[in-house]
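First the structure, in the form of structure tokens, and then the observations on it.
Because the structure is predicted, anything quoted here is derived from the model rather than measured.
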Amino acid sequence: IRGRAQDRGGLVLFGGAAMLSCPLTLDYEALAGRVGELEPGMTHADGTAIGDGIVTGVNHIRNSDGKSKVLILLTDGRHNTGIIDPLTAAKVAKTYGVKIYTIGCAKRGEALMPVDDPKFGRVMVRVRDDLDEDILNEIARMTDGRYWRATNLAELREVYASIDALEKTKL
């Protein structure tokens, strides 16, 4: 975020529901602050509503006058709830000229995930990798984007550096 210049950025959260967390802005400190506040369960709905997340993002950038309209979809899961199918959402994005870069950020195999237990509070449970790479690849392909898998923070930084290099605009 802090490496951008003259690009408006925003943030959409999606779990079992999608919500705008930060509208498009040039205030990178505010946007980075919102990202720093992220934690599991913020949408107060279980699941992964990838299609709803895409359409919420498209709704907030579709009328932008920017030369390039880009969504970065970062997920560790599989679409399993919501109203809008991810491929339908990708068609909507394509209609509005929105490119989607997709990033799967799940480790392969088992990982620990925080879960709110009514008796014990927040506990860590083991879950199997349930990342739907086929859908993420197809979303990226349909919108002229690209898919990456990042299994750790170093790989995620490399992905963002790659996106940064792909989205350079002369000022």
Side-chain angles (χ1 to χ4, degrees), residues 1-43 45 48-77 79 82-106 131-133 135-171:
I1 293 169
R2 290 183 179 100
R4 305 308 305 162
Q6 303 299 316
D7 292 331
R8 293 187 305 155
L11 179 65
V12 171
L13 307 179
F14 65 96
M19 61 186 256
L20 180 67
S21 178
C22 182
L24 290 175
T25 183
L26 289 170
D27 186 345
Y28 303 125
E29 291 302 316
L31 180 56
R34 293 299 295 170
V35 170
E37 296 168 355
L38 294 177
E39 60 182 61
M42 290 181 77
T43 64
T48 305
I50 291 174
D52 294 17
I54 291 171
V55 168
T56 300
V58 169
N59 264 340
H60 290 285
I61 65 172
R62 68 186 173 140
N63 294 323
S64 170
D65 56 1
K67 183 177 180 181
S68 178
K69 297 175 190 167
V70 173
L71 289 181
I72 299 173
L73 172 69
L74 177 69
T75 184
D76 66 351
H79 176 82
I83 298 168
I84 303 164
D85 173 77
L87 298 182
T88 301
K91 289 176 188 172
V92 170
K94 181 72 172 176
T95 299
Y96 286 105
V98 177
K99 181 185 299 184
I100 304 176
Y101 293 117
T102 58
I103 307 169
C105 64
L131 189 63
D132 190 345
E133 289 188 291
I135 287 289
L136 296 176
N137 267 304
E138 186 61 14
I139 291 166
R141 187 199 62 74
M142 288 174 66
T143 62
D144 300 321
R146 187 170 161 198
Y147 169 71
W148 292 267
R149 182 151 186 168
T151 60
N152 59 51
L153 186 56
E155 289 177 1
L156 187 57
R157 285 187 176 131
E158 288 176 22
V159 169
Y160 282 121
S162 296
I163 292 171
D164 186 50
L166 290 169
E167 290 300 322
K168 291 290 185 196
T169 301
K170 292 182 182 178
L171 298 176

Where [X] and [Y] come nearest, the two heavy atoms and their spacing:
X      : Y     : answer
Ile135 : Pro86 : CG2-CB, 3.9 Å
Ala17  : Ala49 : N-CB, 4.4 Å
Ala89  : Gly51 : CB-O, 3.4 Å
Leu71  : Val98 : CG-CG1, 3.7 Å

Please round to the nearest 0.5 Å and tell me the distance separating atom [atom1] of [X] and atom [atom2] of [Y].
X      : Y      : atom1 : atom2 : value
Asn137 : Met142 : CG    : CE    : 13.0 Å
Arg157 : Asn152 : CZ    : CG    : 10.0 Å
Asp76  : Thr48  : CG    : OG1   : 6.5 Å

From Asp52, Thr56, Leu13, residue fulfilling side chain to side chain contact (heavy atoms under 4.5 Å, CB included) relative to Met19
Leu13

List the residues meeting side chain to side chain contact (heavy atoms under 4.5 Å, CB included) with [X], not counting sequence neighbours, and say none if there are none.
X      : result
Asp85  : Leu87, Thr88
Thr25  : Cys22, Asp27, Leu31
Leu20  : Val12, Pro23, His60
Val159 : Ile103, Trp148, Ala150, Ile163

Residues at least two apart in sequence or cross-chain that pass salt bridge (Lys or Arg N to Asp or Glu O under 4.0 Å) with Lys99, listed by chain then number, are Glu167

Heavy atoms, side chains only, cut-off 4.5 Å: are [X] and [Y] in contact?
X      : Y      : result
Leu156 : Leu74  : yes
Thr75  : Leu131 : yes
Ile54  : Ile50  : yes
Phe14  : Val55  : no
Tyr96  : Ile61  : no

Do Ser21 side-chain atoms and Leu11 backbone N/O form a donor-acceptor pair below 3.5 Å?
no

Any donor-acceptor N/O pair, Tyr28 side chain to Gly9 backbone, under 3.5 Å
no

If the condition is side chain to side chain donor-acceptor pair (under 3.5 Å), which residues does [X] pass it with, not counting sequence neighbours?
X      : value
Glu138 : Arg141
Lys94  : Asp144
Arg8   : Ser64
Tyr147 : Glu133

